[in-house]
Amino acid sequence: MRHFAVVGSGPGGFYTAEALGKAYGEGARVDIIDRYPVPYGLVRFGVAPDHQSLKAVSKRYDQTADSDGVDFIGNVTVGRDVSISELLEHYDAVVLAIGAPHDRKLGIPGEDLPGVIGSAAFVGWYNGHPEFAGLDPPLGGTHAAVIGNGNVALDCARILSKSRGELEGGDIVNHALDALETSPIETVTILGRRGPLQISMTPKELGELGHLEAATPVVDPADFPPADADEALEPGQRKSVTLLREYAAAGPDKSKRNKMVFDFYAKPLRIEGDGKAERIVIERTKLDASDSAIGTGEIYEVPASLIISSIGYSTPPLEGVPYDERGGKFLNENGKIDERLYCVGWARRGPTGTIGTNRPDGYEVAAQIETEMPPGSSSDRPGAEGLKALLATRNVMPTDYDDWRKIEQTESANARPGSPREKFVRVEDWLKALDR
Ligand code: NAP
């Protein structure tokens with residue numbers, strides 16, 4: 001028998017567990033360990049609440065959790081309740097699938113002013129992440145800005161711009177739904193340091209902007225190079241740029257109250273305000289021969305009392321695990337960190353790709369483990385039994401998938417009409433739902 005620990009129950013963790021389960025069958029037990037009693041990681045806390053079809057992937061993860069040989073051990077924080085070296089004593093292999101939950105810093109003056117928020121925190125706030133439930137973002141002004149031209153920036157801008165009616169069918173938490181409904185924000189400026197051909201937004205997500213009830217995209221036709229420049233783009237990117245060109249050609253829909261303004265060639269220099277964020281000072285850029293942004297010396301200001309910085313994420317370091325400071329992820333070679341220690345997903349590659357990208361990633365690392373510890377081989381490491389005994393000495397009470405099912409039932413029962421669930425946003429409430 002082999003015992004494997006997968007740390008993190010987001011997409012990377014579940015696909016790895018699925019692959020290990022298939023490869024070893026009854027010859028191994030796979031424990032998916034998570035710091036929270038609820039599974040799914042990014043799918044629960046990161047995917048936008050108005051993108052329910054993407055969240056449906058959790059049904060597949062449930063099948064993995066329900067399969068023989070795979071268990072969920074929730075409410076256990078690796079690095080606090082148990083160390084990596086202790087996990088390696090108990091398991092034959094440990095796979096870190098902890099994602100990249102930390103915001104990258106902008107590194108400009110004023111970014112610590114109240115009113116400047118990282119996208120991980122803002123997304124966590126509207127998605128019911130317990131760490132950010134009390135964020136209370138300043139939604140009282142008419143102007144907000146989002147820094148970055150990726151899909152997360154677009155998620156944040158869209159959630160700020162949608163009407164209550166557009167949001168309430170998803171699983172946005174009530175505290176965010178109520179706060180957004182009464183917010184007077186009318187203009188969300190989306191700042192990209194490069195041009196429309198360099199965006200990291202995908203066509204499906206950009207296409208939604210043409211069908212919003214309360215908001216209209218505002219794109220300046222003067223920002224585009226001649227149309228033949230699009231020919232060199234990869235097809236998906238060309239589609240995204242075509243959508244932006246269409247929005248620019250159509251002009252803003254004046255019947256809509258809210259504007260999502262794309263401000264390209266805009267590099268934030270500093271954030272200013274009297275004790276809180278009030279404006280971003282920007283330098284206009286142009287592209288050099290390698291499509292990098294270089295400053296032109298032209299300076300202007302964008303007013304905003306809420307500024308969301310959405311410029312990418314990093315994985316938190318874990319004691320005893322080699323770390324790549326520049327990449328913001330674990331140092332690894334094809335997912336291998338050290339003897340019997342591996343990583344997958346964003347902790348392996350950095351924060352890129354879709355949920356589906358994590359599947360081949362998890363399967364690849366599982367295949368590597370299979371080569372090093374062929375099915376049929378065994379060890380006398382104790383796995384979950386030993387881990388649980390150790391946790392008991394530390395008064396840590398793990399939860400299992402049946403516990404999650406109970407929480408899930410309560411969340412579904414509490415849901416507002418049309419919404420799949422009303423999420424608990426505090427760990428105490430999850431445990432209370434379990435009578436603990
Ligand atoms: P991302 O796609 O890497 O975008 C980061 C953006 O930040 C880029 O536009 C980048 O511009 C900009 N940026 C970086 N440093 C900057 C700085 N110092 N100043 C100004 N701008 C800066 O990251 P993400 O949006 O966080 O998304 C992470 C991953 O999740 C992506 O693969 C994304 O597609 C995926 N995702 C998918 C969905 C979906 O499918 N619906 C939703 C959300 C996220 P440069 O290009 O100039 O570096």
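Remember, it's 1-based here, ligands and their atoms both numbered in the order they're listed. Counting from 1, the numbers follow the sequence of the chain as shown. Heavy atoms only: backbone and side chains are in, while hydrogens, waters and symmetry mates are out.
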**Q** Do you see a protein non-hydrogen atom under 4.0 Å from atom 18 (N) of ligand 1?
**A**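 Given the 4.0 Å cut-off, atom 18 (N) of ligand 1 counts as touching protein heavy atoms.
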
**Q** What residue and atom, counting heavy atoms only, is the protein's closest point to atom 30 (O) of ligand 1, and at what distance?
**A**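 Going by distance alone, atom 30 (O) of ligand 1 is nearest to W346 CZ2, 3.5 Å.
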
**Q** Give the numbers and elements of all ligand 1 atoms closer than 4.0 Å to a heavy atom of D155.
**A**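 Listed by number with element: 42 (C), 43 (C).
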
**Q** What protein heavy atom is closest to atom 40 (O) of ligand 1, reported as residue, atom name and distance in Å?
**A**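 Checking every protein heavy atom, the shortest distance to atom 40 (O) of ligand 1 gives E205 OE2, 3.7 Å.
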
**Q** Using 30° and 60° as the class boundaries, would you call the ring planes of F132 and H129 parallel, tilted or perpendicular?
**A**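 Geometry flag for H129 against F132: tilted rings.
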
**Q** Salt bridge or not between R348 and E364? Use side-chain N to carboxylate O under 4.0 Å.
**A**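 Looking at E364 together with R348, the answer is yes, because their closest N to O distance falls below 4.0 Å.
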
**Q** Going by the atom numbers of ligand 1, which of them fall below 4.0 Å from some non-hydrogen atom of S200?
**A**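 Contacts of ligand 1 toward S200, numbered from 1: 2 (O).
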
**Q** Does even one non-hydrogen atom of G192 get within less than 4.0 Å of ligand 1?
**A**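 No, G192 has no heavy atom closer than 4.0 Å to ligand 1.
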
**Q** Which ligand 1 atoms, with their elements, are less than 4.0 angstrom from a heavy-atom of V152?
**A**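 By the 4.0 Å cutoff, the relevant atoms are 24 (P), 25 (O), 26 (O), 27 (O), 43 (C), 44 (C).
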
**Q** Given side-chain hydrogen bond (donor to acceptor under 3.5 Å, both in side chains), test Y36 with T399 step by step and report yes or no.
**A** CA-CA 9 Å; Y36 295 125; T399 56; over 6 Å; no

**Q** Only heavy atoms of G150, strictly under 4.0 Å: list the atoms of ligand 1 that pass.
**A**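 It comes down to these atoms of ligand 1: 2 (O), 4 (O), 6 (C), 9 (O), 25 (O).
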
**Q** Using a 4.0 Å cut-off to any heavy atom of P351, which atoms of ligand 1 qualify?
**A**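 Near P351, the atoms of ligand 1 are 28 (C), 29 (C).
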
**Q** Is the shortest distance from atom 23 (O) of ligand 1 to a protein heavy atom below 4.0 Å?
**A**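 False for atom 23 (O) of ligand 1.
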
**Q** At less than 4.0 angstrom from any non-hydrogen atom of N149, what atoms of ligand 1 do you find?
**A**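 That gives atoms 6 (C), 8 (C), 9 (O) of ligand 1.
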
**Q** Does D400 pair with K406 as a salt bridge, N-O distance under 4.0 Å?
**A**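 No, this pair does not count.
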
**Q** Find all atoms of ligand 1 within a distance of less than 4.0 Å from any non-hydrogen atom belonging to T352, and give their numbers and elements.
**A**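 Per the distance check, 32 (O).
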
**Q** Nearest protein heavy atom to atom 12 (C) of ligand 1, by residue and atom, and its distance?
**A**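 The answer is G148 CA, 4.1 Å.
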
**Q** Heavy-atom pairs closer than 4.0 Å: do any link ligand 1 to the side chain of T354, the backbone, both, or neither?
**A**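 T354 to ligand 1: no contact under 4.0 Å from either part.
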
**Q** Classify the ring geometry of F14 against Y40: parallel below 30°, tilted from 30° to 60°, perpendicular beyond 60°.
**A**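 Answer is tilted, since the angle falls between 30° and 60°.
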
**Q** If you measure from atom 5 (C) of ligand 1 to every heavy atom of I311, L54, T285, which option wins on shortest distance?
**A**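 Comparing heavy atoms across I311, L54, T285, the nearest one to atom 5 (C) of ligand 1 lies in I311.
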
**Q** Provide, to 0.1 Å, the distance between atom 48 (O) of ligand 1 and the closest protein heavy atom, together with that atom's residue and name.
**A**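 For atom 48 (O) of ligand 1, the nearest protein heavy atom is R193 NH2, 2.7 Å.
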
**Q** Out of Q198, E208, R194, who gets a non-hydrogen atom closest to atom 46 (O) of ligand 1?
**A**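 Of the listed residues, R194 has the closest heavy atom.
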
**Q** Give the atoms of ligand 1, by number and element, whose distance to some non-hydrogen atom of G353 is under 4.0 Å.
**A**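 Reading through ligand 1 atom by atom, the close ones are 30 (O), 32 (O), 35 (C).
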
**Q** Before accepting this row, confirm whether a basic side-chain N of the pair E208/R158 lies closer than 4.0 Å to the acidic partner's carboxylate O.
**A**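 Result for this pair is yes, salt bridge flagged.
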
**Q** Between E131 and R35 (salt bridge meaning N to carboxylate O under 4.0 Å), is one present in this structure?
**A**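 Yes, E131 and R35 are salt-bridged.
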
**Q** Should D112 and K105 count as an ion pair when the cut-off is N to O under 4.0 Å?
**A**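 Result for this pair is yes, salt bridge flagged.
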
**Q** Should K423 and D429 count as an ion pair when the cut-off is N to O under 4.0 Å?
**A**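 D429 and K423: not salt-bridged.
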
**Q** Do the side chains of E422 and R416 get close enough for a salt bridge, i.e. N-O under 4.0 angstrom?
**A**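 Yes.
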
**Q** Regarding atom 38 (C) of ligand 1: of the candidates D291, N151, I147, which has the closest heavy atom?
**A**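 Minimum heavy-atom distance to atom 38 (C) of ligand 1 goes to N151.
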
**Q** Does the pair E372/R340 count as a salt bridge with the N-to-O cut at 4.0 Å?
**A**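 Answer for the salt bridge query: no.
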
**Q** Is any side-chain N of the basic residue among R405 and E408 closer than 4.0 Å to the acidic one's carboxylate O?
**A**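 E408 and R405: salt-bridged.
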
